[in-house]
Amino acid sequence: MKICKFGGSSLANAKQFKKIITIVESDPKRRIVVVSAVGKSHPDQNKITDLLYLLHAHLLYGVDYQALLNEIIERYRSIQLDLGLKFDVQAFFDRLKMDLSPKTERDALVSIGEKLSAILCAEYLNWPMIDAKDAIVLTSDGTVDLERSTQKLNTLFQQYPHFVLPGFYGALPNGRIKLMKRGGSDITGSIVAAALHAEIYENWTDVSGIMMADPRIVPEAKPIPQLTYGELRELTFMGASILHEESIQAVKHLNIPLNIRNTNKPEELGTLIRNDIIDDDQAEGFITGITGLKDFAVVTVHKEQIARHPQVLRQILESFERHDLLIEHMTKGIDSLSLTVKVEALKERQFDLFADLKQKCSIDKLTFEDDLALIAVVGRNMKEKPGISGQLFSALGAKNINIRLIAQGTDEISIIVGVANADFELTIQTLYEHFIRKNG
Ligand code: ASP
């Protein structure tokens with residue numbers, strides 16, 4: 001049995017709905033469909049979820065909301081009419097409007113985006129729609145109560161061999177609707193797949209999987225056919241804008257494969273993510289993907305023979321902790337310790353942090369630079385293969401790119417290099433050229 005989650009762009013209009021139906025009906029194993037709210041058909045359009053948040057703000061501050069509400073109604077009505085569905089969108093909103101007031105609960109209001117997608121999709125498929133408030137149990141901070149949700153989903157699945165479920169929300173134990181984090185439909189899909197021990201969790205979106213590099217930097221970058229959950233973690237941590245790592249914890253724990261697919265190109269196999277890859281067809285290439293982020297700052301704290309002063313190391317780390325700064329990387333020299341943090345995070349706290357470091361840690365000097373980009377070269381096949389970092393340094397050296405930081409963990413799944421922000425794109429292009437394109 002397969003769980004299919006369709007994101008907002010796969011539900012943007014009637015044409016997209018038709019693609020979903022074709023995909024679902026082409027495989028009888030696709031028995032549960034999880035849907036997002038209607039997304040954008042084109043870049044100038046707004047996502048329905050954003051419009052619903054805005055509608056709530058209009059209500060709260062007593063601003064006229066009719067035009068906004070009409071825009072939302074129109075998006076769903078055009079889908080209903082184009083698909084020839086019976087569900088009366090207008091009547092749904094007429095009823096809703098009677099209850100709208102400054103006291104309207106935000107989460108309940110925003111959840112109708114997903115709910116309406118599910119109602120329309122279910123009618124079109126001729127399947128039942130199960131309200132997520134009857135299937136997904138959340139705790140007060142919006143995280144999923146896996147145990148109770150699993151029980152509910154199993155009971156439902158015994159009753160209904162197929163169903164459509166809205167993503168992104170569930171109910172608190174007292175029955176009140178609660179939203180998850182933005183992008184939460186991915187979590188819903190993952191919970192359902194885990195609860196029902198699905199054979200695979202298919203996440204249908206508008207790209208053909210996870211790309212080997214950002215296509216805005218490397219236009220010919222191809223999708224990664226297979227990767228491990230460990231590699232996915234490295235790629236997302238360092239900026240690849242794909243699924244949020246935490247959204248797929250449930251399937252990862254049970255080693256349920258996750259397949260990212262393109263609704264607009266269902267013939268493509270997308271990216272398959274698993275814990276272990278046995279039939280590794282990528283063995284020729286060592287690198288799975290290249291990703292990175294700009295705008296890191298490096299704070300270097302100088303202290304003679306710093307390793308001989310463990311209390312200074314501790315004081316420095318405590319100082320960062322006091323200022324709520326996450327340390328992305330640390331490199332130590334004989335007389336210094338360099339700590340890498342995001343510029344954005346440091347911005348407002350910089351002067352307080354520096355004062356704190358100078359007063360509370362017995363250090364000699366402090367230096368600082370703030371235009372560092374970090375690039376991660378990720379690949380499960382790099383492990384125990386001598387010469388990869390050598391090649392990496394030579395390739396960058398040949399392009400005159402100065403490496404300012406290097407980091408590699410002992411699991412050897414990624415090598416991270418720090419370069420000037422200005423060299424970010426060239427570094428990624430050079431590494432792609434050297435490690436991926438050359439290998440065919
Ligand atoms: N519609 C929600 C959002 O925009 C949830 C989702 O699509 O996953 O964040």
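Read the numbers this way: they start at 1 and go in the same order the structure lists the ligands and their atoms. None of the values given here were measured: they were computed from a predicted structure.
- Among Val419, Asp371, Asp423, Val298, the single residue meeting the side-chain contact (heavy atoms from CB on, under 4.5 Å) criterion with Arg404 is Asp371.
- Look at Gly184 and you'll find a heavy atom under 4.0 Å from some atom of ligand 1.
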*Go through the steps to decide whether Asp186 and Lys181 satisfy the test salt bridge (charged side-chain N to carboxylate O under 4.0 Å, His left out), and finish with yes or no.*
CA-CA 10 Å; Asp186 289 332; Lys181 294 198 184 109; over 6 Å; no
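- Taking each heavy atom of Phe17 and Cys121 in turn, the nearest pair found is CE2-N, 3.8 Å.
- Put simply, the side chain of Arg148 reaches to within 4.5 Å of the side chain of Pro173, judged on heavy atoms.
- Summarising the contacts of atom 5 (C) of ligand 1 with Glu114, Lys5, Arg182, the nearest heavy atom is found in Glu114.
- Classification of Lys152 and Asp134 as a salt-bridged pair fails, no side-chain N sitting under 4.0 Å from a carboxylate O.
- Using a distance-only test at 3.5 Å, with no hydrogens or angles considered, a donor-acceptor pair links the side chain of Glu231 to the main chain of Arg380.
- Each of the atoms 3 (C), 5 (C), 6 (C), 8 (O), 9 (O) of ligand 1 lies under 4.0 Å from some heavy atom of Gly183.
- Of all atoms in ligand 1, listed by their number and element, those nearer than 4.0 Å to a heavy atom of Ser185 are 5 (C), 6 (C), 7 (O), 8 (O).
- Atoms of ligand 1 lying under 4.0 Å from at least one heavy atom of Lys47, given by number and element, are 3 (C), 4 (O).
- At the shortest separation from atom 7 (O) of ligand 1 among protein heavy atoms lies Ser36 OG, 2.9 Å.
- Distances between N or O atoms of Asp186 and those of ligand 1 include no value under 3.5 Å.
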